[in-house]
Amino acid sequence: MTETSSPADADGPRDFIRDIIRDDLASGRARGVVTRFPPEPNGYLHIGHAKSICLNFGVANEFGGRCNLRFDDTNPAKEEQEFIDAIMADVRWLGFDWGGNLFHASDYFEQLYQWAEHLIENGLAYVDELTADEIREHRGTLTEPGKASPWRDRPSGESLDQFRRMRAGEFADGAKVLRAKIDMAHGNMNMRDPVLYRIVRKPHPRTGDAWCIYPTYDYAHGQSDALEHVTHSLCTLEFEDHRPLYDWLIEHLPVPSRPRQYEFARLNLGYTVLSKRRLTQLVAEGHVAGWDDPRMPTLTGLRRRGIPPETIRDFVARLGVTKQDSVVEFSLFEHCVREYLNKAAERRMAVLRPLKVVIENWPEGEVDELDAIDNPEFPESGSHKVPFSREIYIEQDDFMEDPPKKFFRLGPGREVRLRYAYFITCTEVVKDADGTVVELRATYDPATRGGDAPDGRKVKGTLHWVSAAHAVKAEVRLYDHLFREEAPGAGGRDYLEDLNPTSLEVIEDAWLEPSLAGWPAGRTLQFERLGYFCADRDGTADMPVFNRTMTLRDTWAKVQQSG
RNA sequence: UGGGGUGUGGUGUAAUUGGUAACACGACGGACUCUGACUCCGUUAUUCUAGGUUCAAGUCCUAGCACCCCAGCCA
């Protein structure tokens with residue numbers, strides 16, 4: 001955790017959570033701030049989790065407290081070491097450090113067990129021998145009260161004995177559970193004698209086969225918070241009606257501290273899904289290449305896509321923290337990415353759909369080395385050389401044989417600038433038998449070297465290009481939204497029906513300017529006029545692979561669409 | 001009359017706690033431009049509804065309405 005200046009006020013973020021903390025500190029209800037980020041290791045972290053991570057770690061930093069990373073590993077049926085490792089890597093990548101404060105709910109299994117016995121001894125919990133179905137039937141409905149289990153009032157000594165035998169492994173999975181004894185007629189379903197322990201014979205990633213009974217989330221979470229002296233336990237809205245149970249347990253157990261739970265709205269993002277169930281399904285059924293598929297909203301996917309962690313933090317900061325259900329427009333995320341990358345990303349040139357142009361008045365075999373600025377946002381920061389020769393590639397989109405009035409690019413007889421190079425004029429259009437344009441002939445103006453005409457002549461268009469003889473061939477993967485609907489699955493549809501069939505387009509023969517050979521993975525750059533890209537780990541020395549992180553804003557595309 | 005939440009522009013948030021709706025994104029229009037990018041300048045709201053209190057209501061009161069969550073031995 002990084003040391004921060006003064007206890008948050010003034011410039012820091014403001015929201016209802018921070019207001020509460022400020023009040024708690026001022027009133028002395030809390031002497032410091034301890035939060036926790038409590039992932040269940042049954043999947044990968046996604047951008048929704050980033051909101052929680054930034055909130056929990058952010059708040060702790062701002063108020064000079066600490067934030068624990070705690071794995072909520074209470075269900076070995078679903079949890080795996082792979083996820084534990086990935087989650088830690090992702091939190092670090094996002095830019096947060098839990099220092100030595102790494103915990104697991106499983107660290108507390110023994111204490112939790114002892115406290116369960118305490119509840120039994122005090123007549124506040126009992127071992128129920130109803131089946132899962134019977135328990136459901138007894139629970140009642142939203143509008144009707146539940147019925148007591150026949151085991152509800154059995155002597156605590158009997159429950160204690162049963163519970164110990166559950167631990168000892170005498171019963172089959174699901175045969176019995178430990179339930180809190182609260183109120184079967186409660187309006188809040190969570191208070192109708194919730195299950196505290198169940199029998200699950202599955203090896204646990206951390207405790208192995210030491211246990212065959214495992215605490216439920218409801219039982220483990222608050223007590224873990226208390227053991228860690230968490231002051232503010234921040235979670236999402238769906239846990240709001242678990243709070244009475246959270247408080248009930250804290251009240252009836254000899255816990256060392258009294259944490260409080262506060263709920264905020266989870267993040268929903270347009271054109272994507274952020275539920276673990278769905279993300280897991282996308283991976284399991286092969287709709288994407290894996291958890292780190294660049295189309296996934298997972299942190300590992302975003303990283304592979306070339307999204308810098310700074311942009312995720314910035315994005316989350318702009319969201320605010322409230323209790324309102326909302327769906328954030330994807331464009332806000334795009335804006336954050338572009339704003340950051342515009343400043344941070346170096347520029348290079350690459351041609352995705354090549355159209356050859358032969359500069360007829362350029363001497364055969366001659367090469368010019370031109371200076372290209374690394375990043376025009378900071379012209380002083382450096383430049384690199386780009387070779388120019390007689391045959392170059394430009395983008396097919398940058399030529400039209402019969403251009404409309406608003407088209408600024410190349411056309412028969414038109415003059416344009418080749419970025420950082422020369423003005424060229426198209427003199428001839430070469431077509432194949434089908435009439436498709438296969439090559440252009442052009443002349444260049446030697447006086448325009450570097451891209452300016454000494455006579456003050458202006459051109460409306462500037463094109464990116466690459467020298468055919470020097471270009472490096474590459475595969476480029478163009479990613480688009482994974483879903484074509486802003487709200488996948490809206491209106492009762494299966495969300496899978498909204499999968500975007502063109503979310504990935506692979507270009508196998510793109511041409512890159514030579515300085516891109518060996519470009520390191522993990523350093524996002526801009527292909528001029530096309531967008532931001534990053535090298536993918538699938539690339540080889542012979543065939544680099546680049547992922548499109550994000551396009552540039554494209555007002556020309558809009559002009560075209562609107563006719 | 002099951003319980004718990006939430007309603008401010010297309011979107012996400014703000015409003016010194018009753019003082020005349022602010023910021024950002026988007027959209028639209030324009031300027032600039034060696035990236036149709038960036039940047040810059042405009043335009044974009046009768047605060048869910050209906051009553052009420054008040055000199056003054058997004059903020060207070062009353063009654064409605066809409067939407068979200070909950071009936072896992074998931075978290």
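- Here A/H49 pairs with A/H46 under the ring-ring contact (aromatic ring centres under 6.0 Å, His included) rule; sequence neighbours left out.
- As rounded to the nearest Å, B/G30 and B/A21 have C1' atoms that lie 27 Å from one another.
- Between A/E228 and A/R36, none of the side-chain N atoms (NZ, or NE/NH1/NH2) sits under 4.0 Å from a carboxylate O, so this pair counts as no salt bridge.
- Between the side-chain ring of A/F239 and the base of B/A75, no stacking contact exists by the 5.5 Å and 30° definition.
- Distance noted for atom C1' between B/U47 and B/A22: 13 Å (whole Å).
- Between A/Y197 and the options A/W115, A/Y219, A/Y214, a ring pair (Phe, Tyr, Trp, His ring centres under 6.0 Å) holds for only A/Y219.
- Remark: A/H335 is in phosphate contact with B/C25, judged by side-chain N or O atoms under 4.0 Å from OP1 or OP2.
- Judged by distance alone with a 3.5 Å cut-off, no donor-acceptor contact links the side chain of A/R318 to the base of B/U13.
- A salt bridge does not link A/K558 with A/D554: every distance from a Lys NZ or Arg NE/NH1/NH2 to an Asp or Glu carboxylate oxygen is 4.0 Å or more.
- One interatomic measurement links the two molecules: CG of A/L142 to P of B/U1, which rounds to 16 Å at whole-angstrom precision.
- If you check distances only, the side chain of A/H138 never reaches the base of B/A71 with a donor-acceptor pair under 3.5 Å.
- The salt bridge (charged side-chain N to carboxylate O under 4.0 Å, His left out) pairs that include a residue from residues 134-148 of chain A are A/D133-A/R136, where partners are two or more places apart or lie in different chains.
- If you check every strand for non-hydrogen atoms under 4.0 Å, A/E339 touches nothing.
- Legend: residues meeting salt bridge (Lys or Arg N to Asp or Glu O under 4.0 Å) with A/K202, ordered by chain and number and at least two apart, are absent.
- Checked against ring-ring contact (aromatic ring centres under 6.0 Å, His included), A/H104 has the following partners two or more places apart in sequence or in another chain: A/F71.
- Residues A/F527 and A/F16 both approach RNA chain B. Their nearest nucleotides, taken by heavy-atom distance, put A/F16 toward the 5′ side.
- Scanning for salt bridge (Lys or Arg N to Asp or Glu O under 4.0 Å) contacts around A/R553 gives an empty result, with sequence neighbours left out.
- Atom C1' of B/G10 sits at a distance of 29 Å from the matching atom of B/U16, rounded to the whole Å.
- Rounded to an integer number of Å, the gap from CG of A/D15 to P of B/C23 is 21 Å.
- For A/T141, counting side-chain heavy atoms from C-beta on, the closest listed nucleotide (B/A37, B/A71, B/G2) is B/A71.
- The phosphate of B/A75 (OP1 or OP2) has a side-chain N or O of A/T74 nearer than 4.0 angstrom.
- By the ring-ring contact (aromatic ring centres under 6.0 Å, His included) test, A/W511 is found to be paired with A/Y393, residues two or more places apart in sequence or in another chain being considered.
- Taking atom CD of A/E346 as the reference point, atom P of B/A37 lies 22 Å away to the nearest angstrom.
- Residue A/D72 places its side chain closer to B/A75 than to any other of B/A75, B/A14, B/G72.
- In this pair, A/Y217 does not lay its aromatic ring on the base of B/A75; centres under 5.5 Å and planes under 30 degrees do not both hold.
- Note on ring orientation: taking the six-membered ring where Trp is involved, the planes of A/F483 and A/Y495 are tilted (angle from 30° to 60°).
- Partner of A/H464 under the side-chain hydrogen bond (donor to acceptor under 3.5 Å, both in side chains) criterion, chosen from A/E395, A/E528, A/E513: A/E395.
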Can you give one letter per nucleotide of nucleotides 6-11 of chain B, 5' to 3': B if a protein heavy atom sits under 4.0 Å from the base, S if only from the sugar-phosphate, - if neither? SSS-BS

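- In this model, a side-chain donor or acceptor of A/D241 finds a partner on the base of B/G3 within 3.5 Å.
- Put simply, the side chain of A/R409 and the base of B/G36 share a donor and an acceptor less than 3.5 Å apart.
- Not counting sequence neighbours, the partners of A/Y271 by the ring-ring contact (aromatic ring centres under 6.0 Å, His included) test are A/H481.
- Look at A/R338 and you won't find any side-chain N or O under 4.0 angstrom from OP1 or OP2 of B/C38.
- For the pair A/T462 and B/U35, the criterion of a side-chain N or O lying under 4.0 Å from OP1 or OP2 is not met.
- Using a 4.0 Å cut-off, no side-chain N or O of A/T216 falls inside it from OP1 or OP2 of B/C74.
- In this structure A/K176 satisfies the side-chain contact (heavy atoms from CB on, under 4.5 Å) test together with A/V127, A/E129, A/Q162, A/M166, A/F171, sequence neighbours excluded.
- Checking B/G36, B/C25, B/G72 against the side-chain heavy atoms of A/L332 singles out B/C25 as nearest.
- The residue among A/D19 and A/R419 whose nearest nucleotide of RNA chain B is located toward the 5' end is A/D19.
- Of the candidate nucleotides B/A37, B/C25, B/A75, B/A75 has the atom lying nearest to any side-chain atom of A/E238.
- Here the nucleotide nearest the side chain of A/K460, chosen from B/U35, B/G2, B/U33, is B/U33.
- Between B/A27 and A/R553, a contact under 4.0 Å exists linking OP1 or OP2 to a side-chain N or O.
- Proximity of residues 182-191 of chain A to RNA chain B (heavy atom under 4.0 angstrom from any strand atom) is restricted to A/G187, A/N188, A/M189.
- As rounded to the nearest Å, B/A75 and B/C48 have C1' atoms that lie 33 Å from one another.
- Listed pair A/K558 / B/A27 meets the phosphate criterion, a side-chain N or O lying under 4.0 Å from OP1 or OP2.
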With pairs defined as Watson-Crick or G-U wobble and both distances under 3.5 angstrom, please note down RNA chain B as a dot-bracket string, | for pairing with another strand. .((((((..((((.....[..))))((((((.......))))))...(((((..]....))))))))))).....

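- At least one side-chain nitrogen or oxygen of A/R139 sits closer than 4.0 Å to the OP1 or OP2 atom of B/C73.
- Taking the side-chain hydrogen bond (donor to acceptor under 3.5 Å, both in side chains) definition, one finds that A/T216 meets it with nothing, sequence neighbours left out.
- Using a 4.0 Å heavy-atom cutoff across all strands shown, A/L319 reaches sugar-phosphate atoms only and no base atom.
- Among the nucleotides B/G36, B/C74, B/A71, the one closest to any side-chain atom of A/K78 is B/C74.
- A close approach under 4.0 Å does occur between a side-chain nitrogen or oxygen of A/R198 and OP1 or OP2 of B/C74.
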